[in-house]
Amino acid sequence: MTNLLNGLNDKQKEAVLHFEGPLLILAGAGSGKTRVLTHRVAYLIEECGVSPYNILALTFTNKAANEMRERVESTVTYDAHNVWVSTFHSTCVRILRRYIDHLGYDRNFTIYDADDQKSLMKDICKSLNIDTKKYRERTFLNAISRAKDELKTPEQYAIEVQKEYNKKIFANVYKEYQRRLKKNNALDFDDLIMLTVELFKSNEEVLDYYQDRFRFIMVDEYQDTNTAQFTLLSLLASRYQNLCVVGDDDQSIYKFRGANIYNILNFEKVFPATKVIRLEQNYRSSQNILEAANQVIKHNSMRKDKALWTEQGKGEPICYGRYDNEYQEAQGVAEDIRKQVRETGMSYSDFAILYRTNAQSRVFEEKLVFAGIPYRIVGAINFYSRKEIKDILCYLKTINNSADDIAIKRIINVPKRGIGQTTIGRISDFALTNNYSFFEALQRVDEIPGTSRGAAAIHSFVDMIEKYRARLRDNFYSLEDLMNELLEETEYVKLLEAEETVEAQSRLENIDSLLNKITQYEEEAVEEATLDGLLEDIALVADIDTVDDDTEQVLLMTIHSAKGLEFSHVYLCGMEENIFPGAMATFGDDESEMEEERRLCYVGITRAKEKLTLTSANQRMKNGETNFNKPSRFINEIPRYLIKQTYGAVYKEKPDFNGVKFSPDFSKSPASNFSRDRKNPFANNPYIQKGMPQAVEADYTVGDMVSHFKFGQGRVTDMKDLGNDKEVTVDFEGFGQRKFRASFAKLKKI
DNA sequence: CAGCCATATCTTTTT
DNA sequence: GATATGGCTG
């Protein structure tokens, strides 16, 4: 008992010692919430006699679940593995695998990822004659996802929007989408939650069983729950009312995914007996970092007022580096990391580079490779969404679930078998009119007119799939053998080997990793290793789940992915208006969007333990356009005395831009906030006087000597007219020939 | 049917 | 810049 409370502060102890009834823990960043949760699990088991079997702990990522499971197992002395620690989605899959037949689905259902959803939506738009130029697939999918977050069925959705004429099409699409999912025996991510709720609501015995099983429920990152998840929790907890949720409204950053902030703000209203405990002492960050975070988040109006404090010292100042462009920014960060590692002996794993959008990772990757720094990019392209991996998984999905049209269509002609778009179209139409699945239509290919050319290939494809199905059904071989034989028979590997390119080589390596994953799954499977178990394992992993904290590598990821993690040194990069906060939040008319961006900034800042570095670039390429953005407003929201502007090398070297001095106020960059496009680079440039001809006038010409701030003196050897600009070629002493845009290079005639 | 090139459009953020 | 689509040719 005593060691359960060792080293905990009074508030933490109070939370750990809470036994029955609803509990809301408002836990600020770094306030030791995981510790509280695990110790409370131990307390319930060891002091209150609760069976581990009756405890459920829910998280959002597998990484968080694994960490909590490990900590529970090392804290609790017996039977800890019986505690159900899992993500919302895995929990629901587990329940649905047992009972989904009550809802008219088959128990070996497939889980669709974003790619599969999009393919399905494409098919639907085609068959409903919807112009995807006018309405993009994503638009529908987003609307459907939001509806499901709110537990709205297609029928309810249709009733709700019947007065809005332009929404009618959405209702139709949603209805068709859901119909096709069911026909394919497939569920999307949102279905996992929504259908579990539906199951509980429609089936008293099932609900009864789980209510009794999960007598004590704990939820991490509660601020990110949506309405469906909240309903799920209320249903489960309604009998015993032992629901303990931990969250921080200041860290709510998933509104776009349907997170409902009122779940946390109104928790006490829904559960009137709630005990509320606030954890405000931070154990993670230095005082300077915490102060910066507090000051930034203070600018939000829609929040529960609170302030984190720490007993730690002030620590290092927050550094701000301002660079000319994103390449210099990345180089500056890479150099800084290398310097720190060399001088202080820190490990590369102590560093994280965080940014707002995945697109920003590319330049960092380039510079880290060049600097020889080991790194790992989290997110961006998930391992399982690589082409070769998806192809092979779709073979497995096809074998597992014959109703999954999307999977079959993806691989029916991969590798090339001479089954083209027209043939697939004919089969698809045939399937639709006769209400067959795509695979059933393939089996009846001889009845379909106009498909004779591909018929032989289709027969052998069908035979192959059926062969694997039969062997798997008869337990003929392991998943590993299955996959090896599949790779052999389809010649997938052979064809890649024949390519002899670097790209093919990396694809082959990825296939090897997938094979390893399969072997590992079979070895570690708790219950029987099955094909749909494997596919589900794969469908529900996020990229962040596979990150190993002990590997010597710098981590690069979005701030969203970094939630829940901590690092000694954090670089928050791309701190510019229109990047962070993003343009959507700035130009939208919804103040709450800006507040969400600010919370995201708060999350980013509070990831840092010892040192925080902010960077911005004056100029940045976005969607093939060069943008000039002001430094982020969030930088200005941090008190100046906390910030040390360090290696803004360019800022020092070039104190002016087109002759206008930089203001000492970070935000008042003269060249701020206009963007230019390729065709008309000066359209929005405030430095081009109105009425002036748009073409750039240069006071030098071929043969003239000019000077450049970096390369020194040189002779102009060529000038090419680009319409609105000129390309100038200069031969420098010592640097050779360089090409410039006259508008950018500030060349002076001498 | 497959492979190549031109073009359009785009970006938040993810289980 | 990168990716997805559409049209053309062999």
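Please read all numbers here as calculations on a predicted model, not as lab measurements. Lettering of chains follows the sequences in order, A, B, ..., and the numbering in each one begins at 1.
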So [X], base contact, sugar-phosphate only, or nothing? Heavy-atom distance under 4.0 Å.
X        : result
A/Tyr254 : sugar-phosphate
A/Gly418 : sugar-phosphate
A/Asp190 : nothing
A/Asn62  : nothing
A/Arg599 : nothing
A/Phe189 : base
A/Thr423 : sugar-phosphate
A/Lys563 : nothing

- request: Decide if the gap between the ring center of A/Phe88 and the ring center of A/Phe60 is smaller than 6.0 angstrom.
  value: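 Centroid separation for A/Phe88 and A/Phe60: below 6.0 Å.
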query: Taking the six-membered ring where the residue is Trp, are the ring centres of A/Tyr602 and A/His299 under 6.0 Å apart?
result: no
field: Pairwise C1' distance for C/dG6 and B/dT11, with rounding to whole Å
entry: 23 Å
- request: Return the value, rounded to whole Å, for the distance between atom CD1 of A/Ile253 and atom P of B/dT14.
  value: 9 Å
task: Quickly, which of A/Asp404, A/Asp115, A/Asp391, A/Asp116 forms a salt bridge (Lys or Arg N to Asp or Glu O under 4.0 Å) with A/Lys397? Name it, please.
output: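 Testing each of A/Asp404, A/Asp115, A/Asp391, A/Asp116 against A/Lys397, the sole residue satisfying salt bridge (Lys or Arg N to Asp or Glu O under 4.0 Å) is A/Asp116.
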- prompt: For A/Ser561 and B/dT13, is the shortest distance between a side-chain N/O and OP1 or OP2 below 4.0 Å?
  reply: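 Result: no.
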task: Answer yes if the side chains of A/Thr227 and A/Asp149 hold a donor-acceptor pair under 3.5 Å, and no otherwise.
output: no
field: Any side-chain donor near an acceptor of the partner, A/Glu365 and A/Tyr375, under 3.5 Å
entry: yes
message: Determine whether A/Leu354 and A/Thr558 satisfy the following criterion, side-chain contact (heavy atoms from CB on, under 4.5 Å), listing intermediate values before the conclusion.
response: CA-CA 5 Å; A/Leu354 309 182; A/Thr558 62; over 6 Å; no
Considering only nitrogen or oxygen atoms on both sides, find all protein atoms under 3.5 Å from nucleotides 3-8 of chain B and state each distance.
none

